[in-house]
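Letters go in sequence order (proteins before strands), and every chain restarts at 1.
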Amino acid sequence: MLDTLQANLLSPIPLAFTLGVLTRLMKSEFTLPPDLYATLSIYLLLALGLKGGAELAHATFASIAKPAAVTLLLGCLTPLIAFGILRWLGHFSSADSAGIAAHYGSVSAVTFIAAQQFVQRVGAPMEGFMPTLLTLLESPGIHIALAIGAVQRTRAMRAAGVTTGGSIGKVLHEVLTGRTMVLLVGGLIVGYLMGESGWKAVSPFFDSGFKGALMLFLLEMGIVAGSRLGDLKKVGPFLLAFGILVPLLHGALGVALGQWAGLSVGGCTVLGTMAASASYIAAPPAVRLTLPEANPTFSLTAALAITFPFNILAGIPIYYRFAQALA
Amino acid sequence: MLDTLQANLLSPIPLAFTLGVLTRLMKSEFTLPPDLYATLSIYLLLALGLKGGAELAHATFASIAKPAAVTLLLGCLTPLIAFGILRWLGHFSSADSAGIAAHYGSVSAVTFIAAQQFVQRVGAPMEGFMPTLLTLLESPGIHIALAIGAVQRTRAMRAAGVTTGGSIGKVLHEVLTGRTMVLLVGGLIVGYLMGESGWKAVSPFFDSGFKGALMLFLLEMGIVAGSRLGDLKKVGPFLLAFGILVPLLHGALGVALGQWAGLSVGGCTVLGTMAASASYIAAPPAVRLTLPEANPTFSLTAALAITFPFNILAGIPIYYRFAQALA
Amino acid sequence: MLDTLQANLLSPIPLAFTLGVLTRLMKSEFTLPPDLYATLSIYLLLALGLKGGAELAHATFASIAKPAAVTLLLGCLTPLIAFGILRWLGHFSSADSAGIAAHYGSVSAVTFIAAQQFVQRVGAPMEGFMPTLLTLLESPGIHIALAIGAVQRTRAMRAAGVTTGGSIGKVLHEVLTGRTMVLLVGGLIVGYLMGESGWKAVSPFFDSGFKGALMLFLLEMGIVAGSRLGDLKKVGPFLLAFGILVPLLHGALGVALGQWAGLSVGGCTVLGTMAASASYIAAPPAVRLTLPEANPTFSLTAALAITFPFNILAGIPIYYRFAQALA
Amino acid sequence: MHTTLPMHTHPFKLVTIIAEPVLESRLTMELRQLGATGWTVVEGRGEGSRGIHAAEIPGSNIRIDSVMTHDVAERVVQHIATHYFAEYEVIAYVSDVAVVRSEKYVTPPKKTG
Amino acid sequence: MHTTLPMHTHPFKLVTIIAEPVLESRLTMELRQLGATGWTVVEGRGEGSRGIHAAEIPGSNIRIDSVMTHDVAERVVQHIATHYFAEYEVIAYVSDVAVVRSEKYVTPPKKTG
Amino acid sequence: MHTTLPMHTHPFKLVTIIAEPVLESRLTMELRQLGATGWTVVEGRGEGSRGIHAAEIPGSNIRIDSVMTHDVAERVVQHIATHYFAEYEVIAYVSDVAVVRSEKYVTPPKKTG
Ligand SMILES: Nc1ncnc2c1ncn2[C@@H]1O[C@H](COP(=O)(O)O)[C@@H](O)[C@H]1O
Ligand SMILES: Nc1ncnc2c1ncn2[C@@H]1O[C@H](COP(=O)(O)O)[C@@H](O)[C@H]1O
Ligand SMILES: Nc1ncnc2c1ncn2[C@@H]1O[C@H](COP(=O)(O)O)[C@@H](O)[C@H]1O
Ligand code: NA
Ligand code: NA
Ligand code: NA
């Protein structure tokens, strides 16, 4: 276990992330230009989609059906678990609980990619259809958590005689047509249609550069996470523990369900990581628009400054070990 | 014919473009960051120039002279043809006719690149000096169309007793020193001077990534074109037909003249595509400054939402078939 | 000598730089988008750091100690030499002298990279630890020059009864945690920790693309330098001569000290180039904040429009010849 | 500030709204509904009095400037005070401007509605 | 709005022009010719009343702010109304500002010209 | 410009500062110290009257807008005139604005300090 952890810490992704955090701790004003950050995420998501699409050609419907089903199940269970823990153990307001649950019920694509790189490096590559599963897990958790929050909000609003502005329908449309979905789903379809020959033509761009671009992206993620470390004291010890223990819980659930659905050790590790990860791209604006009284400091700090680093630095190797143990 | 069309539709460029259009039709707000769009176009143009320059070393003056001459001829004929059709068949105002003709008399570098990729993929690569011809076709058409427009405008102005602001000389200077010309002409010269060894040093950057970067660019082109589809009803049926039939006419002319000048099937296809394509980078600001009463919705919608997609999806394979038939 | 110069002029970096200058001279408004410029410099610095870090594993402390010592010595001597020449030969104000000396006492990373490419191309590669030396030379010169300037300024201020705003401590912190230091020092550490296997994973991104990205960067450097050519007449003949002769002096000093410290011909060339180069990234804001009465036109024009082009086009081959002669 | 209007210009109100970027499309839609005829958006960053820094959601702040009649300005300011101040990071202020082409800034049907 | 000028400040006019980006260099040149001593340009996006959305030409809109004397403002506003309003997407408005260092905003030879 | 305040709004000052980007963190820190409760920064480019174009240091210009009380505006303007005008490329101007939620723009301890 320890040497898996250590080997992980000395690999490019965690090192770049740590450099970013340190940069912030040294109070450097360095940061990637905003367009570069956007560019890298577009590149990574589209590359993931295209490659996943090209590999989808080799998959049979039978082999995907069960993994897809458990992924959707995870998409329903994890926001409920997170909401319950926050509301009844943590005594958070219902808006805050729903807001945070929306983040933990969805998924972080970069954490997914880090897991993919990890299992590749340790020689247990994941199934080629995993990016497809990623697209399934992005939105259900957000929808479910926001629905819970909206019901409570409407009740409170009606009591107070106020009418609200942000329509849920519009927000869900925004999640479904946001950057992640367009690039991942679009990439999968394009990758599938253009097939091996098409992928070969563009892979010098989308494949060879992938690891390096990822490193640059993780540097910025470190800077972003580092700049939130100061908020750790604002969120309190409960959320701190939540940010580590709930990923472990969701991760274990993901690995176990993946195992049941017949995934390889690599596939189980990645599914566990997906379940354990918290969204910080799609969820925040959706929550902000529909549940404005939820404090964004809570959800963003938990997702970005606790759970993301935990997964990158320690979570992924743990889910991997667990997957090995179950296999 | 049909299978050439279908094979083209399933290749990376048309697929990426279609994904972009669909993204817009789903009302997604996704778009590439403006600096990424600029970066990709700089990269593509400079790569095209450098490679073309390195290959220019192998070309003899004799082999280029005739193709260059017919290219310049196309640069003079196509704006006149377009102006005539718009003014006398379409009954557009003289400003609108000149404005649109400036777009169709010039050339779209991305359409050129798509044609280059197409002929490469079908095994009929173009001559190495074709990028040089591209630079010849960029500006004459704009100059000629704007000159027609300016003459009419000055006449009208003098009648109305108004003096105008935008000097044509300044505008032509802007076209000649704009991004496309700097990168293409500059790239050709630098590529020529640094020769094979220089090109080899930088080709891992400028060559290997080319197809992938192009795909990303076409995704954005699809988004831009898609966001103009709503304007199709504003431009009326005449311009719709114009946007497809005039490219076919100009394309046939280009292929035929290329054949006469001794170009290969690939070279003829690309020359036809050049003639058929409409500029949407260099022409719009030049037209806006010199012919402000021309409605930019007309020219941009025709160039971007009709002719560009038509060429990418169907035009190029058609010009290729025509070139094969003539050969 | 002449053919080394000519071969250099026809290699990608000087050609791209010259194209940029010409672009400006033709009054083109073309320029790279600001985020692309920032992106390229981040990429180049991080790539330099990572590779240098991976290579640091092969170096012994003994082999670095002496070169590091002479680098620090250069960092102390060059700002003093520059200040003395400007103040007592050139009769510049003490603020202007200190401001310019801060630029020449520091180093230009891009000039370093150009030297690295040069020695590689001529078959005399530098030592793998040279990027480490680069980080040592960045800040001492700025600190020393600003300290001189600040002492004089405080004296003048106290005489005039004014208190000043910009604290030197804050400015030095900004230099030490600026982009260059974060990426170079951070890259070195990460590169060292991730070792050969990590470097191999990311080198398709950070190594293969390096030369091409550098070319694009030099194009923009040419545009920036070209837009300062108009200021040449404002700075006067003394600064013009200074911008060429002081680099030759510093360069010779660097080569000689490198030779004494046991560096190879390639290493001596690069160390000489480092000493000869003038900072235009880290120094300008630091000088602006602490010595606002120093005229930035002087320092920026000298560093960017005189010394940078001189080193790129002619200086590097000269230092190389000198290193060969001493070897 | 005791000065006179330039010739041929008319007095209007300029409403400036600084808000979290997620609100852009909602705010501009509502501006239109309340009778504004146009607006200009610029991106920026800022600091204010709040503990919650929702602006840390990537994208910082947007600044919307819209020229409108006094009546529409009244409605817009009230609308923002009622619907945004409690829960969002939004500030708004109104200043006096003189415009040429005053008809551009008036939506006849909406003004009296 | 009935307030007083801060001490040591002087009343001037701030002219704000929002325009298509292709017009930037022409507009700033003309501002200079009409007697403005400087300006600041910011990039933005916007919507207005026109059918023709020339701003769809890549680059959206620019916003030019320029502090100037009342007389120069008068001339600038007239110039823009005459030369731009008919054919370009341009709006302009004037507001009152108080500046320190009033000499910065006056071009002596031009002011009387 | 002889118009009235919208209902429920209060008169305040808007101070706009246009400066070299290196000054951003220093200026915003000082704004806070002088009693401003917030500000918004936008990036731009510009031209002015100076021979020294320090703005050529990459990054162009920044524009800081800050709503504050008349007293704080007085102090801010004086501060900038004293500490920046001689050596830096900085301009500042003050305009009148009407705000809702006036308490947002007042720092009670600082105002009297
Ligand atoms: N006094 C002020 N002057 C100018 N802008 C302000 C001021 N106060 C707040 N802002 C802007 O409004 C945003 C939200 O403010 P707040 O809700 O007070 O945090 C800030 O990020 C600033 O961009
Ligand atoms: N009422 C307004 N308030 C603020 N900006 C406006 C207004 N009307 C138009 N604009 C700006 O001016 C540009 C051109 O307006 P128009 O010519 O009306 O389409 C728009 O894109 C907006 O950026
Ligand atoms: N009259 C003016 N109106 C608006 N902005 C100005 C004006 N004068 C100067 N500026 C801005 O202030 C910056 C510095 O001006 P200066 O110190 O005069 O060179 C310029 O780059 C402009 O952005
Ligand atoms: Na999750
Ligand atoms: Na054409
Ligand atoms: Na130096």
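The shortest distance between side-chain heavy atoms of B:I13 and B:F17 does not fall below 4.5 Å.
A donor-acceptor contact shorter than 3.5 Å links the side chain of B:K233 to the backbone of B:G230. A:E220 places no side-chain N or O within donor-acceptor distance of the main-chain N or O of A:Y37, the cut-off being under 3.5 Å. B:Q120 places no side-chain N or O within donor-acceptor distance of the main-chain N or O of B:P125, the cut-off being under 3.5 Å. At distances below 3.5 Å, not a single donor-acceptor pair connects side-chain atoms of A:S63 with backbone N or O atoms of A:A59.
Listed by sequence position, A:G187, A:V190, A:L193, A:M194, A:G198, A:A201, A:V202, A:P204, A:F205 are the residues of residues 187-205 of chain A in contact with chain B, using a 4.5 angstrom heavy-atom cutoff. Contacts of residues 174-185 of chain A with chain B at a heavy-atom distance below 4.5 Å involve A:E174, A:T177, A:R179, A:V182, A:L183, listed in sequence order.
Closest approach of B:G267 and B:M130 over heavy atoms only: O-CE, 3.5 Å. The shortest heavy-atom contact between B:C268 and B:A323 is CB-CB, 3.8 Å. Smallest separation of non-hydrogen atoms from B:G52 and B:P131: CA-CG, 4.0 Å. The two residues B:I316 and B:A115 come nearest to each other via the heavy atoms CD1-N, 3.6 Å.
Heavy atoms of B:M215 lying under 4.5 Å from chain A belong exclusively to its side chain. Only the side chain of B:L19 comes within contact range of chain A, with heavy atoms under 4.5 Å apart.
With chain A as partner, the option from B:G212, B:S208, B:P14 having the largest number of non-hydrogen pairs under 4.5 angstrom is B:G212. Looking only at heavy-atom pairs under 4.5 Å with chain A, the residue among B:L219, B:L9, B:L216, B:L15 that has the most is B:L15.
A donor-acceptor contact closer than 3.5 angstrom is absent between the side chains of A:Q116 and A:K51. No side-chain donor from either of A:E138 and A:S279 sits under 3.5 Å from a side-chain acceptor of the other.
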